[in-house]
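All remarks here apply to the structure that follows.
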Amino acid sequence: QVQLVESGGGLVQAGGSLRLSCAASRRTFSSAAMGWFRQAPGKEREFVAAISWSGGSTYYADSVKGRFTISRDNAKNTVYLQMNSLKPEDTAEYYCAAGLTIATMQRKKYDYWGQGTQVTVSS
């Protein structure tokens with residue numbers, strides 16, 4: 001079992017930045033692809049970004065490309081999501097996920113999920 005704990009969410013003005021962190025409980029994290037997803041009220045959970053186990057490959061949703069950066073530190077069992085130029089439409093609960101898969105935007109490929117951290121962007 002892998003436990004994932006997100007942190008770093010909060011309230012920020014439009015144009016601001018936040019960095020989310022997701023700490024994993026096990027060393028097997030270093031073998032797992034990691035993803036960030038988000039869910040706004042009344043909407044389905046959607047893909048945001050993913051990174052391969054080595055960090056060599058990254059993928060982004062079109063809506064965040066050029067503004068968000070996913071990275072990982074396997075020595076610290078942690079994955080990050082740097083979010084810049086935030087917009088009100090980025091407001092959502094953000095979840096990290098881990099899976100023994102290639103990095104993918106497919107939600108079903110991820111086996112473990114965190115509890116989420118709230119990001120609110122005011123206009």
Side-chain angles (χ1 to χ4, degrees):
Q1 190 76 9
V2 176
Q3 289 185 320
L4 303 173
V5 179
E6 303 96 335
S7 62
L11 174 65
V12 64
Q13 288 189 330
S17 298
L18 283 174
R19 188 175 82 153
L20 305 184
S21 299
C22 173
S25 62
R26 292 185 63 179
R27 293 291 297 171
T28 48
F29 164 88
S30 62
S31 302
M34 300 295 295
W36 284 98
F37 292 75
R38 66 187 182 186
Q39 188 168 15
K43 295 188 177 181
E44 289 194 358
R45 193 170 297 189
E46 65 175 6
F47 169 76
V48 175
I51 188 167
S52 62
W53 69 269
S54 68
S57 297
T58 57
Y59 304 92
Y60 298 94
D62 288 342
S63 59
V64 306
K65 204 171 292 184
R67 300 188 297 121
F68 291 11
T69 303
I70 188 171
S71 61
R72 66 190 297 162
D73 184 340
N74 286 345
K76 296 183 178 179
N77 289 357
T78 302
V79 63
Y80 305 97
L81 185 68
Q82 178 66 44
M83 306 186 295
N84 299 328
S85 302
L86 282 161
K87 305 175 180 180
E89 51 263 44
D90 295 317
T91 295
E93 189 84 7
Y94 282 71
Y95 299 88
C96 73
L100 295 178
T101 175
I102 58 172
T104 175
M105 63 177 66
Q106 296 184 62
R107 195 171 63 188
K108 64 181 181 181
K109 295 291 188 179
Y110 294 91
D111 303 300
Y112 303 101
W113 293 82
Q115 293 300 305
T117 186
Q118 178 67 36
V119 171
T120 303
V121 184
S122 64
S123 57

Self-check item: salt bridge (Lys or Arg N to Asp or Glu O under 4.0 Å) partners of Arg72, counting only residues at least two apart
Solution: none

Practice problem: Quick one: pull up OG in Ser52 and CD1 in Ile102 and give me the separation to the nearest 0.5 Å. | Solution: 10.0 Å

Quiz item: Any chain of hydrophobic side-chain contacts (each under 4.5 Å) joining Leu4 to Trp53?
Solution: no

Self-check item: Chi angles and distances behind the side chain to side chain contact (heavy atoms under 4.5 Å, CB included) call for Thr101, Gln106
Solution: CA-CA 10 Å; Thr101 175; Gln106 296 184 62; over 6 Å; no

Quiz item: Do you know which of Thr117, Leu81, Val48 makes side chain to side chain contact (heavy atoms under 4.5 Å, CB included) with Arg38?
Solution: Val48

Practice problem: Would you name the heavy atoms of Ala32 and Ala98 that are closest together and state the gap between them? | Solution: CB-CB, 4.3 Å

Exercise. Drop me the distance from Met34's CE to Asn74's CG, to the nearest 0.5 angstrom.
Key: 9.5 Å

Quiz prompt | Side-chain donor/acceptor of Glu6 to backbone N/O of Gly116, under 3.5 Å | solution = yes

Quiz item: CH2 of Trp36 to CG of Leu20: how many Å apart, nearest 0.5 Å?
Solution: 4.5 Å

Quiz prompt | Pair Asp90 + Lys87, salt bridge at N-O below 4.0 Å | solution = no

Self-check item: Ile70 CD1 to Gln82 CD distance, which is reported to the nearest 0.5 Å
Solution: 12.0 Å

Quiz item: Hey, what do you get for CD1 (Ile51) to OH (Tyr80), rounding to the nearest 0.5 Å?
Solution: 11.0 Å

Self-check item: Phe37: hydrophobic cluster co-members (side-chain, 4.5 Å)
Solution: Phe47, Tyr59, Tyr95, Met105, Tyr110, Trp113

Practice problem: Could you tell me which residues satisfy side chain to side chain donor-acceptor pair (under 3.5 Å) with Arg19, sequence neighbours excluded, listed by chain and number? | Solution: none

Quiz prompt | Over all atoms of both residues, closest heavy-atom pair of Asp111 and Gly99 | solution = OD2-CA, 3.8 Å

Quiz item: Do other residues, nucleotides or ligands put more than 12 heavy atoms under 6.0 Å from Glu46 CD?
Solution: yes

Quiz item: How many angstroms lie between atom NZ of Lys43 and atom CD of Glu93, to the nearest 0.5 angstrom?
Solution: 15.0 Å

Quiz item: Just wondering, are more than 12 heavy atoms of other shown residues or ligands nearer than 6.0 Å to CD in Gln39?
Solution: yes

Quiz prompt | Flag, side chain of Thr78 to backbone of Lys76, donor-acceptor distance under 3.5 Å | solution = yes

Quiz item: Short question: side chain of Thr91, backbone of Val121 - any donor-acceptor pair under 3.5 Å?
Solution: yes

Quiz item: Is the closest side-chain heavy-atom distance between Arg67 and Met83 below 4.5 Å?
Solution: no

